[in-house]
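As structure tokens, the structure follows; a few thoughts come after it.
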Amino acid sequence: MIELKDLRAGYPGRSVLEDICLDFRPGQVLAVLGPNGCGKSTLLRAACGLLPKTGGAVLLDGVPLERRSPRETARSVAYLPQSRAVPNITAGRMVLHGRFPYLSYPRRYRREDHEMVRRALEWVGAGELSDRLLPQLSGGQRQKVYLAMALAQNTPTVLMDEPTTYLDVSCQLEVMALARRLAEEGRAVVMVLHDLTLALRYAHRAALLQAGKILRTGTPEELYGSRALEEVMGVSLGRVETAEGWRYYYR
């Protein structure tokens, strides 16, 4: 499990995060919410060691992250950035990148690596894409491939930065359902999201950031009831109870 304790982080000459206390719990989807520029992406990058902290602590299973080697960290945390280059390689080859933390250099893929790739693509419903080139895939199909790559990395924690951006509604719902399935397998899933209705529907917990600080954490019901989301995000939310639970909408 990853724990952030009084975490401070930022960039040269610019502090972004201040006194962040948060934990990423196995078996749960945590949505990180807040307006643009509040530090959501910075939080994910600092949590997996891609951005050095300037204070506080990031604990991975109780051990400070800086005491872990990059390979050890990569075996514990998978990170899907908001945007990435689209190389002219097949989906199967892309998913094999998730096996890098388990290979020595020069990389020689083993039978178990190829089997892990096959299972990961099947798990996300993209088995038929294995031999397709990434530039030929739709945005939703590519996002499934990236999720399969994270799955092939076989980590207990998965961090996703705005995984539903630019996807149509059906693909957004598929990605969110896959995130819940990852949590049901016992993984900690952390997602930066802009669509509050998706976050409130699929997340087990949410953290609301404002100006680099956590304003509130809690269940979707608690955040909705507090009206903090509406105040910070400048929107009006409503909800309706269905047989499958609360469904949230913009009013």
Side-chain angles (χ1 to χ4, degrees), residues 1-5 7 9 11 17 20 22-30 32 40-54 56-87 89-121 123-124 126 134 142-163 175 178-179 181-183 185-192:
M1 184 172 76
I2 292 179
E3 299 172 87
L4 312 180
K5 294 193 172 183
L7 174 67
Y11 303 91
L17 300 176
I20 299 294
L22 193 62
D23 54 69
F24 304 164
R25 301 175 187 174
Q28 290 191 355
V29 174
L30 170 68
V32 180
K40 301 184 297 296
S41 297
T42 301
L43 188 152
L44 291 196
R45 288 173 56 81
C48 63
L50 290 177
L51 180 68
K53 62 183 177 61
T54 58
V58 178
L59 304 179
L60 177 55
D61 295 330
V63 178
L65 193 64
E66 59 268 23
R67 295 184 189 173
R68 303 270 190 174
S69 70
R71 176 171 289 192
E72 288 176 321
T73 300
R75 291 181 177 183
S76 298
V77 188
Y79 168 66
L80 278 69
Q82 179 180 353
S83 60
R84 62 173 73 232
V86 183
I89 61 176
T90 66
R93 181 63 60 175
M94 189 72 201
V95 178
L96 271 170
H97 288 189
R99 302 303 299 161
F100 284 2
Y102 302 93
L103 303 173
S104 57
Y105 190 83
R107 300 184 182 100
R108 291 186 174 88
Y109 298 114
R110 305 156 297 178
R111 179 179 298 176
E112 56 262 40
D113 298 316
H114 289 285
E115 177 60 19
M116 181 70 79
V117 167
R118 185 193 65 78
R119 294 206 313 261
L121 283 167
W123 192 91
V124 301
L134 284 179
R142 282 200 295 267
Q143 198 65 292
K144 284 186 177 182
V145 171
Y146 298 145
L147 283 170
M149 182 174 66
L151 192 62
Q153 197 170 329
N154 197 29
T155 62
T157 300
V158 180
L159 311 180
M160 306 184 203
D161 193 354
E162 300 189 33
V175 168
L178 288 170
R181 284 181 59 197
L182 285 171
E185 289 192 342
R187 302 173 199 262
V189 181
V190 184
M191 311 177 78
V192 168

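All values below were derived from every heavy atom in this structure, side-chain atoms included, with hydrogens, water molecules and symmetry-related copies excluded.
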Value rounded to 0.5 Å, distance of [atom1] in [X] from [atom2] in [Y]:
X: T42; Y: L50; atom1: OG1; atom2: CG; answer: 11.5 Å
X: E162; Y: L80; atom1: CD; atom2: CG; answer: 12.5 Å
X: T90; Y: L134; atom1: OG1; atom2: CG; answer: 7.5 Å
X: L44; Y: L51; atom1: CG; atom2: CG; answer: 11.0 Å
X: L22; Y: E3; atom1: CG; atom2: CD; answer: 10.0 Å
X: L7; Y: T54; atom1: CG; atom2: OG1; answer: 7.5 Å

* side chain to side chain donor-acceptor pair (under 3.5 Å): which pairs involve residues 142-159, sequence neighbours left out? ->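 Output for this query lists K144-E174.
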
Would you name the heavy atoms of [X] and [Y] that are closest together and state the gap between them?
X: G92; Y: V117; result: O-CG1, 3.8 Å
X: V32; Y: K40; result: O-CD, 3.6 Å
X: A150; Y: A78; result: CB-CB, 4.0 Å
X: M160; Y: A179; result: CE-CB, 4.4 Å
X: L159; Y: C48; result: CD1-CB, 3.9 Å
X: A183; Y: V29; result: CB-CG2, 3.8 Å

Taking side chain to side chain donor-acceptor pair (under 3.5 Å) as the definition, give me every residue that meets it alongside [X], ordered by chain and number, with sequence neighbours left out.
X: D113; answer: R99, R110
X: E66; answer: none
X: Q28; answer: R205

* Is it true that a side-chain atom of R68 and a backbone atom of L60 form a donor plus acceptor pair closer than 3.5 Å? -> yes

* Residues forming a side-chain contact (heavy atoms from CB on, under 4.5 Å) with R75, sequence neighbours excluded ->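 R75 satisfies side-chain contact (heavy atoms from CB on, under 4.5 Å) with R71, P101, Y102 only.
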
* Which residues satisfy the side-chain contact (heavy atoms from CB on, under 4.5 Å) test with R181, sequence neighbours excluded? ->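 Applying side-chain contact (heavy atoms from CB on, under 4.5 Å) to R181 gives W123, L178, E184.
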
Measuring only between side-chain heavy atoms, which start at C-beta, is [X] closer than 4.5 Å to [Y]?
X: L182; Y: L151; answer: yes
X: V58; Y: P64; answer: no
X: L4; Y: L43; answer: yes
X: R25; Y: L30; answer: no

* If you count the non-hydrogen atoms of other residues, nucleotides and ligands that lie under 6.0 Å from CZ in R93, is the total more than 12? -> no

* **Neighbour count >12 (heavy atoms, 6.0 Å) for atom CZ, R84** => yes

* To do: Look at the rings of F100 and Y109 and say which category their plane angle falls in: under 30° parallel, 30 to 60° tilted, over 60° perpendicular.
  =>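 The rings of F100 and Y109 lie parallel, inter-plane angle below 30°.
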
* Report the C-alpha separation of V63 and E72 in whole Å, then their side-chain angles, then the decisive distance to 0.1 Å, and conclude whether the side-chain contact (heavy atoms from CB on, under 4.5 Å) test is met. => CA-CA 12 Å; V63 178; E72 288 176 321; over 6 Å; no

